[in-house]
Amino acid sequence: MSDGFNLDLRNAEEEIDVPDEFDGRVVLGVLDGTTPDDDWLAEIHDGNVLFLAVDGDLNELAAGFAGDVKDADGTLMHFREFLVVAPPGVAVDADRL
């Protein structure tokens, strides 16, 4: 029997299976009002997925870019204390939640 779970993240990037059609990247950040809304929109426009830790009121903090993302057929999904924002054409699968 094992003593616990041993996770080695040093080589994790090499092991991630990213579909060939995904040309963007996953951007980790904190949604706390210090990053301008235009910066988040630029990341989405560039085809990147945002994974943002929410530090404050989500509705207030995302108000400046959420409508633009939705209007462009992007996806916004609140998951625990995080906001996942995906550009158009990148599906967020929530079937296992």
Side-chain angles (χ1 to χ4, degrees):
M1 190 149 141
S2 175
D3 290 348
F5 186 72
N6 186 9
L7 181 61
D8 182 1
L9 295 177
R10 289 176 286 190
N11 298 319
E13 186 174 347
E14 297 169 9
E15 301 298 324
I16 295 174
D17 187 20
V18 177
D20 292 334
E21 62 273 4
F22 181 68
D23 292 329
R25 59 193 175 110
V26 176
V27 177
L28 304 179
V30 178
L31 184 61
D32 60 2
T34 60
T35 300
D37 295 328
D38 288 339
D39 288 2
W40 298 132
L41 287 171
E43 292 288 354
I44 294 299
H45 184 271
D46 290 345
N48 299 322
V49 174
L50 304 177
F51 192 75
L52 306 174
V54 179
D55 186 12
D57 181 82
L58 174 60
N59 293 327
E60 180 181 313
L61 293 168
F65 65 88
D68 291 334
V69 172
K70 287 182 182 180
D71 290 346
D73 291 327
T75 302
L76 293 109
M77 179 173 292
H78 186 211
F79 176 67
R80 299 193 181 203
E81 291 90 32
F82 298 94
L83 178 64
V84 179
V85 186
V90 177
V92 176
D93 185 348
D95 289 345
R96 297 184 184 190
L97 295 179

If I compare all heavy atoms of [X] with all of [Y], which pair ends up nearest, and what's the gap?
X     : Y     : answer
Gly64 : Asp37 : CA-OD2, 3.1 Å
Ala72 : Pro88 : O-CG, 2.8 Å
Leu52 : Val30 : CD2-N, 4.4 Å
Leu76 : Ala66 : CD1-O, 3.6 Å

When rounded to the nearest 0.5 angstrom, what distance separates [atom1] in [X] from [atom2] in [Y]?
X     : Y     : atom1 : atom2 : result
Thr35 : Leu61 : OG1   : CG    : 10.5 Å
Met77 : Leu97 : CE    : CG    : 6.5 Å
Glu60 : Leu31 : CD    : CG    : 10.0 Å

For His78 and Arg80, indicate whether the former's side chain and the latter's backbone hold a donor-acceptor pair under 3.5 Å.
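Indeed, once roles are kept as given, a pair shorter than 3.5 Å links the two residues.
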Asn48 side chain to Arg25 main-chain N or O, any donor-acceptor pair under 3.5 Å?
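Such a contact is found between Asn48 side chain and Arg25 backbone.
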Beyond-backbone contact of Val69 with Leu41, side-chain heavy atoms, under 4.5 angstrom:
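They are in contact (side-chain heavy atoms under 4.5 Å apart), so the answer is yes.
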Is any side-chain heavy atom of Trp40 less than 4.5 Å from a side-chain heavy atom of Leu50?
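In contact.
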Given side chain to side chain contact (heavy atoms under 4.5 Å, CB included), test Val84 with Thr75 step by step and report yes or no.
CA-CA 8 Å; Val84 179; Thr75 302; over 6 Å; no
Does one hydrophobic cluster hold both Leu83 and Val92, with members joined at side-chain heavy-atom distances below 4.5 Å?
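No, Leu83 does not connect to Val92 through the hydrophobic network.
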Exactly one of Val85, Asp38, Ile44 should register a side-chain contact (heavy atoms from CB on, under 4.5 Å) with Phe65. Which one does?
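The option that passes is Val85.
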